[in-house]
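Everything below concerns the one structure shown next.
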Amino acid sequence: MMSLLLRDLKLSVRAGGGALIGVLFFMTVVAVIPFGVGPDLNLLSRIGPAIVWIGALLAALLGLDRLFQTERDDGSLDLILMQEHPLVLTVLVKCVAHWVANSLPLVVASPLLGLFMNMSEVAIGAVAVTLLVGTPALTFIGAVGAAVAVSLPRGGLLVSILVLPLAIPVLIFGVSASYAAVEDPAPFMPPFLILLAITMFFAVLGPLGAALALRNASD
Amino acid sequence: MMSLLLRDLKLSVRAGGGALIGVLFFMTVVAVIPFGVGPDLNLLSRIGPAIVWIGALLAALLGLDRLFQTERDDGSLDLILMQEHPLVLTVLVKCVAHWVANSLPLVVASPLLGLFMNMSEVAIGAVAVTLLVGTPALTFIGAVGAAVAVSLPRGGLLVSILVLPLAIPVLIFGVSASYAAVEDPAPFMPPFLILLAITMFFAVLGPLGAALALRNASD
Amino acid sequence: MSHGFYIALSYAISALIVAVMLGRIWLDGRARQRELAELEASGIRRRSSAAGKGELA
Amino acid sequence: MTQSLAITKFSDLANPTYFLNLSGRILPWLGCLTAVLFAAGLYLSFTTEGDYQQGETVRIMYVHVPAAWLSMMCYSVMALSAIGTLVWRHPLADVSHKAAAPLGAAFTLIALATGSLWGKPMWGTWWVWDARLTSVFVLFLMYLGLIALNRAMDDPSKAARVSAVLILVGFVNIPIIKFSVEWWNTLHQPASVVRLDGPTIDPEFLIPLLVMAFAFTFLFFTLHLMAMRNEIWRRRVTAQRRMAARMASREN
Amino acid sequence: MRLTAEGLAARRGEDLLFSDISFDLGAGEGLILTGRNGSGKSTLLRVIAGLLRAERGAVTWHSSGDGPIRAGEACHYLGHRNAMKAELSVEENLGFWKSFFGDFKGGTGISAAEAADRVGLGGITHLPFGYLSAGQQRRMAFAKLLVSYRPVWILDEPTAALDARAEATFADLIREHLGRGGILLAATHQPLGLEGMRELRMTGFAGVAGEFGA
Amino acid sequence: MRLTAEGLAARRGEDLLFSDISFDLGAGEGLILTGRNGSGKSTLLRVIAGLLRAERGAVTWHSSGDGPIRAGEACHYLGHRNAMKAELSVEENLGFWKSFFGDFKGGTGISAAEAADRVGLGGITHLPFGYLSAGQQRRMAFAKLLVSYRPVWILDEPTAALDARAEATFADLIREHLGRGGILLAATHQPLGLEGMRELRMTGFAGVAGEFGA
Ligand code: HEM
Ligand SMILES: Nc1ncnc2c1ncn2[C@@H]1O[C@H](COP(=O)(O)OP(=O)(O)OP(=O)(O)O)[C@@H](O)[C@H]1O
Ligand SMILES: Nc1ncnc2c1ncn2[C@@H]1O[C@H](COP(=O)(O)OP(=O)(O)OP(=O)(O)O)[C@@H](O)[C@H]1O
Ligand SMILES: [Mg+2]
Ligand SMILES: [Mg+2]
């Protein structure tokens, strides 16, 4: 399992430059919004957490749809399916590798973007923490889509549509926890704990669903 | 050439599920936004044009990086390179096919999304027009990146560094033209004309650069 | 606008959607049955042999 | 060889054949019952009093609420069928959730449209991005996605299995729709009929609402049975065409 | 180790490709599938490897003493595609599969460098897999079978794109594997240069014409 | 049509794979490349097709009367990969290449359906290419050579994954092509069943050992 993690990390560093494209896209998104909203710094800092979260969601989508497709194309998927390691675990490890290569850099870059958006220190910290806790859920949800994409002779976007709606709760609680950290009346912990719960829920459901789809897709 | 255009269109319809899917995907993205930003209709209508433009960039990025990669992987690229059709033209046709299959549906659907985002009629029209004029530039820029990605064994990194920074001016002029149409003091034409110029510039430079990269890539 | 307008419109839209749904399913069923009947008519010789054996099982 | 093939084909269809016979006998009764319930429901919904708060527009409720309930129930039926597909590999289950997807989309569309039409006079806007409305919109998108998925794959049993997985994963949306009004305070009405401590709604409205709800439910089952029969016939036609083509090529 | 297939039938799309295929292989035995293009050789191998569901029939694997075991555990599958990543070096590829596969009880695999040596390409394990020629790639994919021990080898046209010398090497490696009590299932169009193999000739859509012992 | 190569040398990475390869082929002549895996056959074919730059030397193409022409124009290249899209049906694939290639002057290609017929797979052009078996895919890739006319065929292991009957069909098609004044360049490990071909044996990194007329 460790070897699979290492291989996937190596691959994403060698082949995709995955991390960088995600971060750059993320930065582009964040760079463009101020043009839309105008130079109103107050407003910017108000919508900052939301924008950073939306950017993270979109950046996580890039490349996620090919999580299993490259494996199928060169025949590795067959061998992976045949092994006795529980398939759920294999999927989980692949998700973790993808998260480390693609989403973790976003979490690390988010404070920088927070500064661009004129967010307060507390807000910046809250966004980074909620991203750290919430983005894995996005990866797990996407994995189900990627697994379904493999079974289609022609995968692709179709999958993101099926899966993206499931990401909405993650976004809602991530954003509301970040706001709660800044605005006094609302407490930070409840939405944050719900976010944590969602991530744990999808950490189980995602790999299970993906494994189920992969088993039924093989031909 | 016509046959290449048709084939690429067919492929993207089959592979992605077609225009409808792209639009649906775009709609899902837009449906997600209010959850982040909150149901504040005023704010929504203000950031609307920026969101729609970012959606267009995302849609253009999804799949554009593989424009030539699939051709190389199954060996078609060799045959395409060998033909006497000028390579620049071939690249141009592939770009057009990609634009028609992926970006045009977004342009057509953007008014609907504008309604969802509570944008005014003028803003909706302006966004649609700027998208129509600006998205080809994104495709052409992306084509250079895709060609470089094919030629380098580890092209991934370079592509993101190359493509996204070049796309930012397009995005900025597109968004600011849309805003200029709504807000009185700023005139619409100057940014719009610059956008047009950028597109024409990249319509020449993009295919040229891509063709050059492909010629030097084959091995 | 009067409330009556919204009420009428919502009932009309619902009726339209239900009608379209019903019509599509109905017509689809008619077409399928016709196809089955055509197959039955054209392929009796071929099908009867296969079906005869099958029914024994 | 030919013989063994024919045997599998027919043992596969043995069950569906029974289903076809049975549903053929039930359908006329079901159709009549639906029509009667609709007649009664429509009569009641136009003769009862208006609400003092909402005025005449409360009549929209008699369509809106049943359609909204049905949009969720249809998904639940699909989820049950999906379990049937994955666990028992029952061919009827495949047919069931494939046939239900367009129906679910239609009921969701009705709920969305009537909700918007109710929202304009009540809230002053056609659409807001609140949790209930958006989660229903998401449900609509998921129905469309499942329809597209079924169309994109040409091996029906594989399509059934893959979409079954997706249906089950997407089921998390249903509790979100149901409880969204309680988890987030929004414009939308909280539940007043289906709740643990009994309905809080005035019986004046409750009776027509329940009659309409039953009418919609029976409409759903009628249409679902019809669509399932169509789908079985469609599969029979392709199977027999294939067999005919095979025989023809063997004779040559 | 014992591999038994009973009354196998498989479907592709809507078509039944074959039906009623049965065989039984013990330690040191091999079965060669032959037949025309599209007759279902690859399909049968995938059914046996557990990658495709059989329409009817069953495959059972018996390890001496332990009773039935899962398909994937005891076998290596080499398909038409090589299952190696073009971006990683040969060494990294082989190393990954070695630790991912693990060893089946009763044997151990050799190291990546040694395995490359055995297929005659000792010197070039540092190259990215994508740089190798077609035949070299196929040989390295074969080396994958050596880095971890599995008693059953399922090979789909192992010798495609190989030169004569590599074919002889492969034949030697297979013979050695059978000598140590392994089992071989291979689909091929060219004689593999192995003696005493049983042969199963597939005849396309109509099932199996006959099974010839050799 | 006349194809001349003079003093060709090519490099892969940092290694000179071969040097000083010269030959001259006229209408109806063929040259078979043989040699070990990795000896540079595919590389030489790609140099001749104009897909790789030669390190030294030159390839010239002469059409009767017209003087030199560009490499790509006059030849078909069939590499290790099939250059067909798995998502499109065979018919769409062949149709696309037919209209994209166009015909070289002096001949016309046959229709997609006819070409599929010629390689023995007339009935299944409606299937997506990805559904075909390995050998069927290779045959359809060969059918691509028939849908548009080119006097020179450059084939890299055309018979990989083919059954015996298809090999004979291919030999017939090649013979017919040569009979009409075509030129053949093929790399292969198995005898193609063609008589009177010249053979060029590549010896790997050290250049060429000899050229044997047959
Ligand atoms: C497009 C907009 C709307 C959508 C998508 C929508 C959706 C739904 C859904 C899914 C339910 C079923 C909830 C459950 O069973 O718990 C429901 C029930 C209901 N809706 Fe809406 N709705 C919309 C607009 C409105 C409006 C504008 C009103 C009135 C002002 C309204 C009033 C009600 C009422 C009274 C119920 C019944 C609640 C109960 O007693 O359980 N809805 N709606
Ligand atoms: N999804 C599918 N739908 C319909 N037919 C299919 C599908 N997949 C494969 N086939 C058909 O199944 C048959 C069996 O293919 P298989 O790969 O098993 O053949 P094979 O004996 O390995 O041939 P080869 O020698 O060419 O490798 C082929 O005729 C192929 O066209
Ligand atoms: N980019 C590269 N860097 C270094 N070496 C390379 C590179 N690309 C190919 N090679 C080497 O070049 C050699 C020639 O490969 P080529 O594909 O021409 O061989 P071939 O004769 O066609 O072999 P086969 O019979 O296996 O198809 C191989 O030894 C390969 O390892
Ligand atoms: Mg095969
Ligand atoms: Mg080669």
Side-chain angles (χ1 to χ4, degrees), chain C, chain D residues 2-11 13-14 38 42 45-46 50 54-60 62-64 66-67 99 102-103 105-107 109-111 113-122 216 219 222-224 226-227 229-234 236-237 240-241 243-244 247-248 251:
Chain C
M1 245 174 286
S2 78
H3 288 171
F5 169 76
Y6 293 108
I7 297 171
L9 196 57
S10 53
Y11 276 79
I13 287 180
S14 310
L16 184 74
I17 294 172
V18 169
V20 167
M21 193 161 50
L22 189 67
R24 271 197 47 171
I25 292 175
W26 182 265
L27 290 179
D28 191 32
R30 292 278 299 274
R32 295 290 87 74
Q33 275 181 309
R34 198 169 46 245
E35 278 174 5
L36 269 177
E38 272 166 17
L39 274 173
E40 207 85 22
S42 69
I44 288 171
R45 182 178 52 86
R46 279 183 199 138
R47 242 178 55 74
S48 60
S49 58
K53 280 175 198 153
E55 241 107 51
L56 289 178
Chain D
T2 317
Q3 184 186 359
S4 64
L5 177 68
I7 289 169
T8 52
K9 271 276 182 297
F10 278 83
S11 65
L13 285 182
F38 260 111
L42 287 173
S45 56
F46 279 108
Q54 311 198 320
E56 293 287 303
T57 52
V58 75
R59 301 198 198 291
I60 295 181
Y62 306 131
V63 193
H64 168 75
L103 299 179
F107 282 115
L109 188 60
I110 293 179
T114 52
S116 291
L117 284 167
W118 200 357
K120 189 70 184 168
M122 296 313 298
F216 267 85
L219 176 68
T222 313
L223 290 175
H224 190 212
M226 286 169 72
R229 287 159 63 84
N230 292 348
E231 184 60 28
I232 292 172
W233 283 330
R234 186 177 355 264
R236 275 198 178 171
V237 168
Q240 292 189 4
R241 284 211 174 124
M243 204 149 38
M247 302 265 192
E251 276 162 18

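All of these numbers come straight from a predicted model, not from anything done at the bench. So you know, we letter chains A, B, ... as the sequences are listed, proteins then strands, and number each from 1.
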Need one label for [X]: side chain, backbone, both or neither, based on atoms under 4.5 Å from any heavy atom in chain C.
X	value
D/A227	both
D/F38	neither
D/L219	side chain

Check: Sub-3.5 Å donor-acceptor pair from the side chain of D/R59 to the main-chain atoms of D/S45, do we have one?
Finding: yes
What closest approach, in Å, do [X] and [Y] show between heavy atoms, and which atom pair accounts for it?
X	Y	value
D/T114	D/V63	CG2-CG1, 4.2 Å
C/L36	D/R236	CD2-CB, 4.2 Å
D/F107	D/F216	CE2-CD2, 3.4 Å

Check: Tell me, side chain or backbone of C/I13 under 4.5 Å from chain D's heavy atoms, or both, or neither?
Finding: side chain
Next item on the list: Please state whether the side chain, the backbone, both or neither of C/I7 comes within less than 4.5 Å of a heavy atom of chain D.
Entry: both
Next item on the list: Using the six-membered ring wherever Trp is involved, compare the ring planes of C/Y11 and D/F46 and label them parallel, tilted or perpendicular (cut-offs 30° and 60°).
Entry: tilted
Notebook entry, point to check: What residue, out of C/L9, C/L16, C/V20, has the most heavy-atom pairs lying under 4.5 Å from chain D?
Noted result: C/L9
